[in-house]
Amino acid sequence: MNFILTNIQFDLSAIDSDGLVLVIVGYCIVFMALLLLYLFFRYIIPTILRVKIGKGSSNKSPDSSETNQIVEVTGEVNAAISMALYLYLNELHDEESNILTIKRVSKVYSPWSSKIYGLR
Amino acid sequence: MNFILTNIQFDLSAIDSDGLVLVIVGYCIVFMALLLLYLFFRYIIPTILRVKIGKGSSNKSPDSSETNQIVEVTGEVNAAISMALYLYLNELHDEESNILTIKRVSKVYSPWSSKIYGLR
Amino acid sequence: MNFILTNIQFDLSAIDSDGLVLVIVGYCIVFMALLLLYLFFRYIIPTILRVKIGKGSSNKSPDSSETNQIVEVTGEVNAAISMALYLYLNELHDEESNILTIKRVSKVYSPWSSKIYGLR
Amino acid sequence: MKKLLTIVSIIVVLSCISFAFSSKDTETTGSAQKERIINSTQPGLSDPSSGTLRGLKQFFEYSGFNNVTTGHLVMLLVGLFFIFLAIKFDYEPLLLIPIGTGILIGNIPFLQAEGVNLQLGIYQEGSVMNYLYFGVLKGIYPPLIFLGIGAMTDFSSLISNPRLMLLGAAAQVGIFITFLGALVLGFAPPEAGAIGIIGGADGPTAIFLSSKLANGINILADGTTVRNLIGPIAIAAYSYMALVPVIQPPIMKLLTTRKERLIRMKPPRAVSRTEKIMFPITGLLLTAFISPGSLPLLGMLFFGNLLKESGVTKRLAETARTSLIDIVTIVLGLTVGASTQADVFLTSESMLIFVLGALSFMIATAGGLIFARVMNLFLNKENKINPLIGAAGVSAVPDSARVVQNIGLKEDPSNHLLMHAMAPNVSGVIGSAVAAGILLSFLL
Amino acid sequence: MKKLLTIVSIIVVLSCISFAFSSKDTETTGSAQKERIINSTQPGLSDPSSGTLRGLKQFFEYSGFNNVTTGHLVMLLVGLFFIFLAIKFDYEPLLLIPIGTGILIGNIPFLQAEGVNLQLGIYQEGSVMNYLYFGVLKGIYPPLIFLGIGAMTDFSSLISNPRLMLLGAAAQVGIFITFLGALVLGFAPPEAGAIGIIGGADGPTAIFLSSKLANGINILADGTTVRNLIGPIAIAAYSYMALVPVIQPPIMKLLTTRKERLIRMKPPRAVSRTEKIMFPITGLLLTAFISPGSLPLLGMLFFGNLLKESGVTKRLAETARTSLIDIVTIVLGLTVGASTQADVFLTSESMLIFVLGALSFMIATAGGLIFARVMNLFLNKENKINPLIGAAGVSAVPDSARVVQNIGLKEDPSNHLLMHAMAPNVSGVIGSAVAAGILLSFLL
Amino acid sequence: MKKLLTIVSIIVVLSCISFAFSSKDTETTGSAQKERIINSTQPGLSDPSSGTLRGLKQFFEYSGFNNVTTGHLVMLLVGLFFIFLAIKFDYEPLLLIPIGTGILIGNIPFLQAEGVNLQLGIYQEGSVMNYLYFGVLKGIYPPLIFLGIGAMTDFSSLISNPRLMLLGAAAQVGIFITFLGALVLGFAPPEAGAIGIIGGADGPTAIFLSSKLANGINILADGTTVRNLIGPIAIAAYSYMALVPVIQPPIMKLLTTRKERLIRMKPPRAVSRTEKIMFPITGLLLTAFISPGSLPLLGMLFFGNLLKESGVTKRLAETARTSLIDIVTIVLGLTVGASTQADVFLTSESMLIFVLGALSFMIATAGGLIFARVMNLFLNKENKINPLIGAAGVSAVPDSARVVQNIGLKEDPSNHLLMHAMAPNVSGVIGSAVAAGILLSFLL
Ligand code: NA
Ligand code: NA
Ligand code: NA
């Protein structure tokens, strides 16, 4: 480790104005991008949907109620949802969900995993 | 066929020392490769597994019993296994196993093969 | 639109002999190709199949009966077949057929699969 | 009514606007690109606060807000409109969603200046889109699509009543008339050939032929280079294929009498497995001997069908008609959409192509209908054809066959024409591929 | 009997004909291509009627009818025969259907003249087939096939009785003897190496090695270019693999006694998951250290197997053994088939390769059988090997293992040899890949 | 505890060893490669016995045993360790198994001498690995992975509480601080940018950006070529992503109070289908206008999501999130692993990159946590955010969201934070792609 410490040069002067500028501007823009997206979905999209519904047909109204209503949920329900979501995510990560049927069928039969050996 | 025999020249001198060397060395190496693999799985892997179990946790022991135990199986069972394996291999070869459900489902319905025509 | 009309030049002289020839010959060949295919399947294939059956094994005969027999079908049956075919095509177009689990969910609503038609 | 509005709006919007901006945009873009700030060459700007200002300026230089032109906005609207059509009216969504999104991606404005290659645009070397576009440019994707189509198509209806194949040939008149039209409007012969194929109503065929004839690479006899019309031709072909339910019905009603529309046809006979196997083999050999140029498309189509019908290669057929065709569809649609980059796409040629494409579809439909009526003159009474099914000869599988079914049902709710319409429908695919092969050999 | 007829007919037909037409066809083709009508240069032919005649003539010039040679027809028959074999006898249909159709597509006659590139043939730049053929020519497809095979192979039988691996090594004698035979018949060493690998009875291995050694690109020490033998070698390998149920039984009966064929073997022991995971890792490291040249094939094979056995990457293994291998199989089979374009394929070399290939399979089978008998000399009574399973060492998974099972059942209907035969069967795959690696390092 | 040991061992082993062997190995390799026996040039060695000896010697020259260096062995151990981690602890197995096997395959020692190209190594022209590596080198695979990710991601949590997106932005501070750190340690600006993106905790983004900025091809302003850092950066990114459950918890506990960790958040509202469709479209347009450089990644991400949410292209979405992403994952993982060939990988730069990467992840986590606490200052009581979910802003979907859930449950077993954590988690993906786009435009 001694070798490492002596060898590496910490050259702070390498951070020139260009680098700093990139860092400051870059981070701001990342914020700006997600801020804009936030503002869009917080204010503009709901407005559009509302306007559309105002003009639109009655069969759109369930949509609108979904969009605007904040549902009160008890802790238990919340927990249940989280659980379900957790399971879903696990599934998503293991990424097996979409080939469930297939897998169940294609499970290769192998005599070595057979029950007659009494090992499983 | 006469044409062929007169046309082709069997030039035994084409087998020079290099060719023979390649044949002898090559065949030996192929043997060596599979021999090494054999020795590895005959002696080294079992040793590793045994050592691991010696050191290791108790939940590994079923593994070890699997590895070392040679199960006595009667002829009938043997036949049954072979049969199953044979079926499995057939399946593997036709390579339909993994899309079994799918096929059954996606079988396109076609009126021309329909029973209402009384043709099948 | 005025702009368009003044700008575009309809230069009829651009259709030279080559162009016309290509059109005439080309259209003829397209016809010829499908005509040949028609003649083949109208006359030659049936002949081949008949010859084959004449020579061939008895287990081929169901095939031949399929090939030659023109079944009389009532209007109702015809309608039913068309319905089924339509469904099949819908399915083909939506191209969901091959994924069972998914399909069951995404199965597009189709009036022909509705009970009110009394067809299922 | 809503549908009519749809089609009119597409044509008008695309046509007019393409004119309006074809000349102006280049200037705007040009000026916006002149001043690129190169960091290292600017001396004396080392304090962070002015640096940040400069950085923000550079960011702005690169951002879409700075480089946007009216052309970009127009194309973005077109892309959104395609996505809207697909979701709202379910018009060919498998194509319009990828193409629509592709149009969005291809028309995000970015800094395009000389010597600057950010590897973003589909026409910039090294960009991902450019790599994926390779398969369009070289005509690789369309045959793979045809492979999948072959593996999902049932040719039974065609085999059982091979006479109906001729309707698929008749409708190809749209291709050749449009070819003449394009010549008249000043397109070079290879370009005209590629434009004509829009009337074949097969997206892959249109892309394949235009990638060979109007690819921006080939040199004409007079030394000029052909224009790259793949984008406009593909967009036109897919747009009108999506709009088949809007375009065809009026023509069908116009060119048939009510009595003809009521004709009932004999149910098709059953088809044996042997025939189904023989069809792709015979079809491949016959069409390829007649028109070797159609081999890349029809060879694959019949190969796919043989995989399906042989009965011993089910897993290959299954993969061909699912993963393989899906992957190619995604990439093809996306890149075709992205190839409509405003500065390349919004030209007067594109507008002319759209107008010619619409005509092409109408003529093709008419060709099929009229030929069906002509055939009826030679057929005895019980074998008469319902001329409506002639309209299905344009292909656009299976949309135009469904249109026939719907129109037929409107006249007589118990007269199901669908299974009959499928025969000219699939033979229309073969017909336009043969036509593409001929155009290819004569014009390449 | 029918089967014997089959194999004899293949060899005879292919061999003889390849001779008969190897020299003549070039002339025919040459003359047919001389006169290409170029539209623009012909003056004074502006009236449509003579023009139409001229157009029809040009169409005919381009059509297959004008350019066909006997070679084309022979190859078309071969293609149809492959398709027939696959559908009728179910011989390796997943390979023979794509290859057979490929032969049809590759042998559609089209205009091939100097300066004319219609982008149709597999050897013409810019054709779709040419792009797809790239993966064959560069040896990219075979490793991907091995990836899929690894993801579907269960090595349990081999792990439980590792001794049987040696049988897979013994059968590779076919490779080396054939190499000598090819040298004797005048092939250059790299070509001889590629021909020898036919005896490995693994299509992907054969294609991979020939794409590296006999690809028509490499330069030999004496300044000449190696011939492109990928097509003949691949076709020979796949043909004989399909015909394993015909080739092997007589040799198996000849080289074993009835008493030996009745030997019953102990049932294999159970194999733990840990061992199954260790196998691909150990296998990869050992074989690659010994023969780094086998890495492209065996690395992928064992990688696929690790995806399968690790238990944590099921979805990747699933895709590798379905979509991925299917897509590659379709494209590989099709292009290998199409690479048999008559003028390239019908040569005396191809015939020699077919003869050598048949010998190779026979020697390999004999090698496995004899080595099994030799091993028995050193084994005590209860561990004796049924020498029939030696024949499975040629690989051709799983056909030769099935042949063993069938022959074994004929002698004793209760003696199931299949699970024992799988061990030499899969180790034969490893063995021939190692051999390929050695040939590669010595001959490249 | 075991986990801490794991992470420490990775860093220490990789770091120290990379130093130890960075200079020595080249010599060893060099000497081993000097004497290549070329058969033909050796006179008078024609008797087989001495020939066999010579052959065995040549075999040994080519074998791994002769060419192995300590570097190879180190990397083989690293590969085995990755496979072990994946199977034993289930850490990102879909990535670590392919990468681990790739490391094994890429570090099999083989003869590398001047003028000898056995087409085995990933950096040798003509090798299979080299062809497959093309997609990494040109940044083609990462966008395809993003396509699949888009087709499997549900953005509902983000849409229902868009405020949480800002946490995904805050965590990107890791990227920019690391960029500065890399500058300080002597990396050129483009290299520093590529190293910084490790803190984005997205493998595909890291590979994409490094393939554009630190690819061993680009020329810097001072005339030197950038180093190829794709391998170390990718390995670092994936390693730390796998180790998120080890890295994050201590920081999370350090930077939050117990009271904060107990905060319960309001359940998210339901999201309409229209909003779900609007999200990818809006997201694509907004982010691409702001940072066109993020288009290759985010365009594909949102395209995939639109395929999923549009409801009319289910089969395309299905294929994108199964076969397509699986195939690309297999090939990407394998080649990224193989690109760690010892002589290229075991350098002091790699070690520095590993150290910087670890810092980067820690800073990113801290950034998310601190920003969440800052946000809470401006929020009224019932809208307070549980600052733990800020840690999920680093992305590493969905691992870091799970970590949040687990830590939350430890404090209060009824407080499920997962669905809230998903919002910053997926917006972290968007955030780092935007950052990549900015780095790309400023540094390319
Ligand atoms: Na058509
Ligand atoms: Na073998
Ligand atoms: Na991130």
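Reminder, nothing fancy here: chain letters follow the sequence lines and each chain counts from 1.
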Might you point out which heavy atoms bring [X] and [Y] nearest each other, and give the distance in Å?
X        : Y        : result
D/Arg315 : E/Thr322 : NH2-CA, 3.4 Å
E/Leu120 : D/Pro296 : CD2-CD, 3.7 Å
E/Val128 : D/Gly139 : CG2-O, 3.3 Å
E/Ile330 : D/Ala320 : CD1-CB, 4.1 Å
E/Phe110 : D/Pro292 : CB-CB, 3.7 Å
E/Phe59  : D/Ile290 : CE1-O, 3.0 Å

[X] versus chain E, heavy atoms under 4.5 Å apart: side chain, backbone, both or neither?
X        : answer
D/Ile438 : neither
D/Ile281 : side chain
D/Phe208 : side chain
D/Phe134 : side chain

Nearest-0.5 Å distance, [atom1] of residue [X] to [atom2] of residue [Y]:
X        : Y        : atom1 : atom2 : result
E/Gln119 : D/Lys138 : CD    : NZ    : 8.0 Å
D/Phe289 : E/Asn66  : CZ    : CG    : 11.5 Å
D/Leu307 : E/Asp326 : CG    : CG    : 10.0 Å

Which one, D/Ile277, D/Leu285, D/Leu295, D/Leu147, leads in non-hydrogen pairs under 4.5 Å with chain E?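 Most heavy-atom pairs within the cutoff with chain E belong to D/Leu295.
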Between D/Ile327, D/Leu324, D/Leu144, who has the most heavy-atom pairs with chain E when the cutoff is under 4.5 Å? D/Leu324
Give the intermediate values and the outcome of side-chain contact (heavy atoms from CB on, under 4.5 Å) for residues E/Thr101 and D/Leu284. CA-CA 9 Å; E/Thr101 316; D/Leu284 193 161; 4.0 Å; yes
Identify which part of E/Leu96 has an atom lying under 4.5 Å from any heavy atom of chain D, answering side chain, backbone, both or neither.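 Neither; nothing under 4.5 Å.
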Going through the checks in order, is the side-chain contact (heavy atoms from CB on, under 4.5 Å) test met by E/Ile87 and D/Arg273? CA-CA 12 Å; E/Ile87 295 178; D/Arg273 197 186 147 224; 3.9 Å; yes
Which word best sums up how the rings of D/Phe442 and E/Tyr62 line up, parallel for under 30°, tilted for 30 to 60°, or perpendicular for over 60°? tilted
Would E/Ile97 and D/Ser310 count as a side-chain contact (heavy atoms from CB on, under 4.5 Å) here? Give the steps. CA-CA 8 Å; E/Ile97 294 271; D/Ser310 75; 3.8 Å; yes
Go through E/Ala86, E/Pro109, E/Gly79 and name the one with the most non-hydrogen pairs under 4.5 angstrom from chain D.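 Ranked by contacts with chain D, first place is E/Pro109.
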